[in-house]
Structures are given as structure tokens and as C-alpha cells.
Amino acid sequence: MSEFSLQHRFSRIHNYIQQGHSKQAKKEFNSVRYDNIPREHLVTFADLARRIGQPYIALKKLQPIIRPEKTLVTPPTPKS
């Protein structure tokens with residue numbers, strides 16, 4: 001899925017939510033393939049999932065980023 005297409009779909013879902021068309025928003029949201037969403041769009045995706053009442057999908061997609069299985073070899077150090 002192209003980046004423009006994904007952004008366009010997210011925009012349509014957002015507009016459906018704002019207009020109170022929850023059925024259309026859920027239908028459009030559920031047509032998005034969850035496994036193909038680029039990392040830079042996951043926050044938007046998760047926000048839309050939360051707004052249409054599917055917070056577990058949001059958590060499932062964000063979990064590998066928030067709590068990755070692999071930890072950093074060297075912990076980050078504060079900036080001086």
C-alpha cells in the first residue's frame with residue numbers, strides 16, 4: 001500500500017469519526033491490512049483504533065515498539 005493511499009484512508013476514517021459515521025469508520029478501518037503499516041504511521045493507526053473503540057488493536061500494534069523483545073546492548077546515556 002502506498003504512503004499516499006494509507007494517509008488518504010486514515011484521513012477518510014478521521015472524517016467519518018468526526019461526522020459521527022462510526023459504521024463507515026469501522027468498515028474503512030477494518031479494510032486496512034494491519035501487518036503492512038509502516039512504523040511512522042503506527043501512532044496515527046493506533047489513535048484511529050482507539051477512537052473507533054478498538055483499543056486492543058492499537059495496543060497490539062504498539063507493543064513491539066513500546067516493549068521490544070530485544071534490549072539495547074548499551075543503555076542510553078543522558079545528553080551533556
Side-chain angles (χ1 to χ4, degrees):
M1 178 179 302
S2 74
E3 182 154 335
F4 172 77
S5 174
L6 189 60
Q7 289 176 343
H8 183 69
R9 291 176 93 178
F10 285 170
S11 178
R12 279 198 317 238
I13 295 166
H14 172 75
N15 289 336
Y16 285 143
I17 293 168
Q18 280 191 322
Q19 296 167 2
H21 302 295
S22 60
K23 277 189 176 182
Q24 290 93 336
K26 286 181 182 181
K27 183 177 180 181
E28 182 76 25
F29 181 84
N30 289 329
S31 71
V32 175
R33 290 191 46 133
Y34 304 153
D35 54 341
N36 291 340
I37 299 175
R39 182 180 175 120
E40 61 268 14
H41 296 294
L42 286 177
V43 171
T44 303
F45 176 81
D47 181 51
L48 291 172
R50 177 192 58 81
R51 290 173 63 201
I52 64 168
Q54 297 185 9
Y56 294 111
I57 293 174
L59 294 172
K60 182 177 180 182
K61 288 304 292 180
L62 292 175
Q63 190 273 336
I65 295 169
I66 296 169
R67 302 216 188 275
E69 289 182 19
K70 296 180 181 179
T71 58
L72 297 173
V73 176
T74 49
T77 57
K79 283 187 172 182
S80 359

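It should be emphasised that the depicted structure is a prediction, and the values quoted were computed from it without experimental measurement.
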Separation between OG1 of T44 and CD1 of I13, rounded to the nearest 0.5 Å: 10.5 Å
Inter- and intrachain pairs under side-chain hydrogen bond (donor to acceptor under 3.5 Å, both in side chains), touching residues 51-68, at least two apart: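 Listed by first then second residue: H14-R51.
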Minimum-distance pair of heavy atoms, taken over all atoms of A46 and A58: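 Heavy atoms only, the tightest pair is O-CB, 3.4 Å.
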Qualifying salt bridge (Lys or Arg N to Asp or Glu O under 4.0 Å) pairs with a residue from residues 12-24, counting only residues at least two apart or across chains: R12-E28
Cluster check I52, L48: I/L/V/M/F/W/Y, side chain < 4.5 angstrom: yes
Single-linkage hydrophobic cluster, 4.5 Å side-chain cutoff, F10 and I65 together: yes
Within-4.5 Å side-chain heavy-atom neighbours: V32 and L6: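 Of all side-chain heavy-atom pairs linking L6 with V32, at least one is under 4.5 Å.
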Stepwise ring pair (Phe, Tyr, Trp, His ring centres under 6.0 Å) test for Y34 and F45: CA-CA 9 Å; Y34 304 153; F45 176 81; 5.4 Å; yes
